[in-house]
Amino acid sequence: MKQKKRKGRSVRQLLGIQSFTKYGLLTEEGELLFYRVAPTNISVLSADNIGIKIYHLKMLLSAIPDLEIICTDSCECFDDNKAYLYRRAMEEANPDVRSLLLKDREMLTGMQAEMSNARQFVLVKRCRGLKPEQVFVDMNRVLKAISEQGFEVQRMGKADIKRLIAIYFGASMDGDLMPDVDGGQFFEGVDE
């Protein structure tokens, strides 16, 4: 049976993602290594300590100038759900159901407020034209440089990267549970 030829490109192609690797994510522009940095609550630090943190970040970026920084929510955004509940409540004729819908909306607002400071900071190192052994050395060098500047850092694995991508694109908080290939979960255990 002949398959239809696709007219457009896949999401993976649009993003330039080729595959996951042992250390990160392979793209058309090289392999990406991801490092999650624990956020610091600067509201409890003195002005001098804030200055020291800024100096350490400046030193890190001087040592590794091609380091990229991502700051994103570490959880889903509830705005679409809240808007839906509000529209649905305004359309509802039954006052009891309307009240429940508005209470659900308030609950989501409260959850969102509690998580509003739940940010995650990710540093990304792009490795271009390196062999896997060289990527491993570069990965460890960057990890060491980040921790030497006083940042609490963790290298992100495949599940962490999948979750980051899913949250970034608003797909799901459970991005780490998503299959590598869309629909791939339906072929698990099937002999080839």
Side-chain angles (χ1 to χ4, degrees), residues 10-77 112 114-182 184-185:
S10 70
V11 172
R12 194 177 85 189
Q13 290 170 327
L14 287 170
L15 297 175
I17 297 172
Q18 294 176 350
S19 65
F20 284 96
T21 66
K22 189 174 181 180
Y23 309 115
L25 191 63
L26 186 62
T27 70
E28 295 168 354
E29 299 294 321
E31 186 168 351
L32 301 177
L33 306 176
F34 294 83
Y35 305 89
R36 183 183 8 244
V37 177
T40 302
N41 184 356
I42 62 172
S43 65
V44 298
L45 296 179
S46 68
D48 290 339
N49 284 336
I50 293 172
I52 291 169
K53 282 286 188 190
I54 292 170
Y55 176 76
H56 286 181
L57 181 59
K58 188 169 76 172
M59 294 304 295
L60 175 62
L61 295 175
S62 296
I64 309 170
D66 58 342
L67 208 55
E68 300 172 31
I69 302 173
I70 299 172
C71 175
T72 184
D73 290 335
S74 62
C75 60
E76 288 183 278
C77 178
Q112 189 172 20
E114 288 175 14
M115 295 190 288
S116 66
N117 60 356
R119 304 279 187 255
Q120 68 179 349
F121 298 91
V122 177
L123 301 176
V124 181
K125 173 71 169 89
R126 190 179 303 269
C127 301
R128 290 184 176 94
L130 299 180
K131 296 178 183 172
E133 311 83 49
Q134 295 169 313
V135 171
F136 178 75
V137 169
D138 207 25
M139 175 189 69
N140 287 327
R141 179 183 65 84
V142 171
L143 189 63
K144 183 179 178 191
I146 296 169
S147 62
E148 284 178 344
Q149 291 303 324
F151 295 101
E152 190 178 321
V153 63
Q154 176 187 14
R155 190 178 70 79
M156 294 174 70
K158 181 179 179 179
D160 298 320
I161 296 168
K162 287 170 72 174
R163 184 172 188 274
L164 173 72
I165 292 169
I167 290 171
Y168 184 81
F169 287 105
S172 169
M173 276 184 60
D174 300 322
D176 53 336
L177 303 176
M178 289 179 163
D180 292 350
V181 178
D182 195 21
Q185 71 272 25

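All values derive from a computational prediction rather than experimental measurement. Residue numbers start at 1 and run along the sequence shown.
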Pro65 versus Ser62, closest heavy-atom pair with distance: CD-O, 3.7 Å
Within 6.0 angstrom of Gln134 CD, more than 12 heavy atoms from elsewhere: yes
Heavy-atom pair with the smallest gap, counting every atom of Ile161 and Gly24: CD1-CA, 4.0 Å
NZ or CZ of Lys158 within 45° of Phe34 ring axis and under 6.0 Å: no
Student check: side-chain heavy atoms of Leu123 and Leu60 closer than 4.5 Å: yes
For Asp66 against Arg126, the heavy-atom pair lying closest together: OD2-O, 4.1 Å
Leu25/Ile165 under side-chain contact (heavy atoms from CB on, under 4.5 Å): CA gap, chis, key distance, verdict: CA-CA 11 Å; Leu25 191 63; Ile165 292 169; 3.9 Å; yes
Nearest-0.5 Å distance, CD of residue Glu31 to NZ of residue Lys131: 14.5 Å
Leu33 side, atom CG; Arg141 side, atom CZ - distance, nearest 0.5 Å: 10.0 Å
From CZ (Phe151) to OH (Tyr35), nearest 0.5 Å: 15.0 Å
Min side-chain heavy-atom separation Lys22-Phe136 under 4.5 Å: no
side-chain contact (heavy atoms from CB on, under 4.5 Å) assessment of Val122 paired with Leu164: CA-CA 9 Å; Val122 177; Leu164 173 72; 4.2 Å; yes
Euclidean distance, Glu148 CD relative to Met59 CE, rounded to 0.5 Å: 11.0 Å
Side-chain donor or acceptor of Arg155 paired with backbone N/O of Tyr23 under 3.5 Å: yes
For the student: nearest non-hydrogen atoms of Ile146 and Val37, plus distance: CG2-CG2, 4.4 Å
Separation of Gln154 CD from Ser147 OG (nearest 0.5 Å): 12.5 Å
Beyond-backbone contact of Asp138 with Leu130, side-chain heavy atoms, under 4.5 angstrom: yes
Under the salt bridge (Lys or Arg N to Asp or Glu O under 4.0 Å) test, residues paired with Asp48 that sit two or more places apart: none
Where Arg128 and Glu29 come nearest, the two heavy atoms and their spacing: CG-O, 3.3 Å
